[in-house]
Amino acid sequence: MKQQSGSALVAALCFIFGASLLTMAVLAMSKYNTFTVRPHIEMQRSFYISEGAANRIQWLLAADRQLHSVTNPGREAYEDYEYDRYIADGVLHTLDYYGTPVEFTITDANSGIDFSSRSWRNTLRSFKLAYDTDTDFTEQIDLLEDLLADYTDSNDTITGDGKELAEYEAENKRPLPRNGAMQFREELFYIDGFTAIFPPDKYGILSSIRLIPPDNMAVLNGRPNVFTADKFTLMTYCDFEEEEAETVLEALRIFQRDRINLEDQLDIDLLPRLQTMLSWQESGYYTVNIRPPAGKIGKRLTFSFQGFGVSGPSNERVRYLQWLFY
């Protein structure tokens with residue numbers, strides 16, 4: 001009887017020990033799932049918040065256009081108003097969307113370097129003129145010009161160092177080339193060496209390049225917008241030295257963060273060239289960038305559209321030039 005009691009005690013202790021291990025494993029898995037599921041849920045929630053905020057921002061912009069028929073981006077004194085202004089100048093705004101803070105900026109969709117079918121040749125030629133002493137760069141531009149010519153023309157004749165169907169097939173890139181006008185900006189990723197000259201931003205977007213809208217949706221032309229200019233744009237279009245371009249970029253960052261106008265920051269040597277060579281006006285087409293506040297988990301949303309009035313968009317339908325979650 002004593003031997004039987006001892007055996008039962010050992011079995012009971014083993015059972016308790018095993019149950020303890022299972023309990024610890026369940027607790028560990030529960031804690032692990034808390035860390036992994038919560039970010040996933042927050043990301044999904046931010047998806048719907050961004051969509052709702054996008055709709056509200058469009059109406060806030062419409063209301064601003066109703067109150068102010070004329071706007072002067074970069075010259076408006078925000079402190080003169082008892083309410084926030086919504087202008088295509090890249091200024092950072094914060095929106096309380098049903099208790100959830102959302103940050104966003106509004107810029108002009110007519111921004112960036114123009115590589116549309118009607119303008120890419122003139123764009124590249126202007127770069128060659130601006131950097132005529134930099135032979136390495138001009139050689140890259142010449143190669144890019146040949147590649148774009150073959151990508152967009154309707155024949156199979158190779159232009160200089162370009163590529164046609166046979167070359168793309170040899171690289172397993174069929175059905176390239178398009179042999180027609182590019183239909184969207186991201187086709188430029190297909191052009192060899194393009195991103196070496198015009199790299200995408202940290203999110204993988206060609207934000208320095210102007211949108212190429214689908215046929216008949218919009219015509220985005222003219223000079224690049226000052227509020228979205230990068231260093232290359234400033235040095236090319238305004239003939240700034242690198243140090244001057246950095247000074248302007250810092251002034252833009254201060255303006256878009258603290259709302260101190262460029263005219264109050266830049267000296268008389270820089271400001272006139274900015275005002276002459278780049279666009280300061282709104283085209284009527286807008287790009288909105290929505291993001292969660294710093295330190296918060298969430299998706300980003302970038303979309304572009306044609307502005308409308310307080311009566312709503314034409315045919316009660318908003319047509320987007322781009323709609324991108326990332």
Side-chain angles (χ1 to χ4, degrees), residues 46-78 80-98 100-112 114 116 118-119 183-186 205 207 209-228 256 259 278-292 299-326:
S46 71
F47 178 92
Y48 295 108
I49 289 173
S50 296
E51 280 196 329
N55 182 67
R56 184 181 295 183
I57 292 166
Q58 291 176 65
W59 288 102
L60 289 171
L61 185 55
D64 193 280
R65 286 155 56 97
Q66 176 74 14
L67 290 173
H68 307 278
S69 57
V70 177
T71 58
N72 295 290
R75 301 180 181 91
E76 297 285 358
Y78 278 86
D80 290 346
Y81 300 92
E82 296 180 356
Y83 49 87
D84 204 2
R85 293 293 311 277
Y86 299 99
I87 305 171
D89 56 10
V91 163
L92 182 64
H93 303 272
T94 300
L95 174 67
D96 185 341
Y97 190 74
Y98 296 105
T100 300
V102 174
E103 294 181 348
F104 68 94
T105 61
I106 304 171
T107 54
D108 201 290
N110 195 24
S111 295
D114 191 353
S116 62
R118 64 185 174 277
S119 300
Q183 296 183 11
F184 51 93
R185 177 180 61 186
E186 283 64 31
I205 301 171
S207 53
I209 308 301
R210 188 170 304 174
L211 286 173
I212 300 177
D215 290 343
N216 303 319
M217 277 194 66
V219 177
L220 303 179
N221 55 19
R223 295 170 296 168
N225 192 275
V226 64
F227 303 107
T228 54
Q256 292 170 346
R259 307 187 180 190
L278 299 178
S279 173
W280 290 60
Q281 300 302 315
E282 293 185 356
S283 66
Y285 290 89
Y286 301 92
T287 294
V288 178
N289 289 282
I290 301 175
R291 70 189 190 195
K299 287 183 176 290
R300 291 171 174 260
L301 169 62
T302 294
F303 66 96
S304 301
F305 69 106
Q306 183 177 9
F308 52 82
V310 292
S311 60
S314 176
N315 299 322
E316 300 182 353
R317 180 179 299 174
V318 180
R319 300 180 67 194
Y320 294 100
L321 281 64
Q322 66 169 337
W323 182 272
L324 180 64
F325 274 105
Y326 53 100

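Just the heavy atoms: all of them, side chains too, but no hydrogens, waters or symmetry mates, feed the values below. Treat the numbers as computed from the prediction; the structure is a model and nothing was measured.
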ask   = Can His68 and Arg85 be said to form a side-chain contact (heavy atoms from CB on, under 4.5 Å), step by step?
value = CA-CA 9 Å; His68 307 278; Arg85 293 293 311 277; 3.3 Å; yes
Kindly give the heavy-atom pair with the smallest separation between [X] and [Y], and that separation in Å.
X      : Y      : answer
Leu95  : Ala53  : CD2-CB, 3.9 Å
Pro213 : Leu321 : CG-CD2, 3.9 Å
Thr107 : Ala88  : C-CB, 3.7 Å
Ala54  : Trp323 : CB-CH2, 4.0 Å

ask   = Can you name the residues that form a side chain to side chain donor-acceptor pair (under 3.5 Å) with Tyr86, not counting sequence neighbours?
value = none
For [X] and [Y], indicate whether the former's side chain and the latter's backbone hold a donor-acceptor pair under 3.5 Å.
X      : Y      : value
Ser119 : Ser116 : no
Gln256 : Phe227 : yes
Arg185 : Ile209 : yes
Glu76  : Asn72  : yes
Thr71  : Pro73  : no

task = Inspect the surroundings of CG in Asp80 and state if more than 12 heavy atoms from other residues, nucleotides or ligands are less than 6.0 Å away.
result = yes
query = Is the number of heavy atoms from other residues, nucleotides or ligands under 6.0 Å of Phe184 CZ greater than 12?
reply = yes
In Å, rounded to the nearest 0.5 Å, how long is the span from [atom1] of [X] to [atom2] of [Y]?
X      : Y      : atom1 : atom2 : answer
Leu278 : Arg223 : CG    : CZ    : 7.5 Å
Glu103 : Ile290 : CD    : CD1   : 11.5 Å
Asp89  : Thr228 : CG    : OG1   : 11.5 Å
Asp108 : Tyr286 : CG    : OH    : 7.0 Å
Gln58  : Ile106 : CD    : CD1   : 10.0 Å

key: Plane angle bin for Tyr81 and Tyr83 - parallel if under 30°, tilted between 30 and 60°, otherwise perpendicular   = tilted
Taking the side chain as every heavy atom from C-beta outward, state whether [X] and [Y] have any atom pair closer than 4.5 Å.
X      : Y      : result
Leu324 : Ile205 : yes
Arg300 : Phe325 : no
Asn221 : Arg118 : yes

inquiry  = Evaluate Tyr98 against Ile49 for side-chain contact (heavy atoms from CB on, under 4.5 Å), listing each step before the verdict.
reply    = CA-CA 9 Å; Tyr98 296 105; Ile49 289 173; over 6 Å; no
ask   = So, Arg259 and Asp84, do they make that salt bridge, N to O below 4.0 Å?
value = yes
message = For Tyr320 and Val318: C-alpha separation, side-chain torsions, deciding distance, then whether side-chain contact (heavy atoms from CB on, under 4.5 Å) applies.
response = CA-CA 6 Å; Tyr320 294 100; Val318 180; 3.5 Å; yes
request  = Check the pair His93 / Leu60 against side-chain contact (heavy atoms from CB on, under 4.5 Å), numbers first and verdict last.
outcome  = CA-CA 12 Å; His93 303 272; Leu60 289 171; over 6 Å; no
request  = With Asn110 as reference, evaluate Arg210, Glu282, Gln281 under the side-chain hydrogen bond (donor to acceptor under 3.5 Å, both in side chains) test and give the passing residue.
outcome  = Arg210
Kindly list each side-chain donor-acceptor pair under 3.5 angstrom involving residues 302-314, sequence neighbours excluded, with atom names and distances?
{"residue": "Thr302", "atom": "OG1", "partner": "Asn289", "partner atom": "OD1", "Å": "2.6"}
{"residue": "Thr302", "atom": "OG1", "partner": "Tyr326", "partner atom": "OH", "Å": "2.9"}
{"residue": "Ser304", "atom": "OG", "partner": "Thr287", "partner atom": "OG1", "Å": "2.6"}
{"residue": "Ser304", "atom": "OG", "partner": "Gln322", "partner atom": "NE2", "Å": "3.0"}

ask   = Do any pairs count as a salt bridge (charged side-chain N to carboxylate O under 4.0 Å, His left out) and have a residue in residues 302-326, sequence neighbours left out, and if so which ones?
value = none
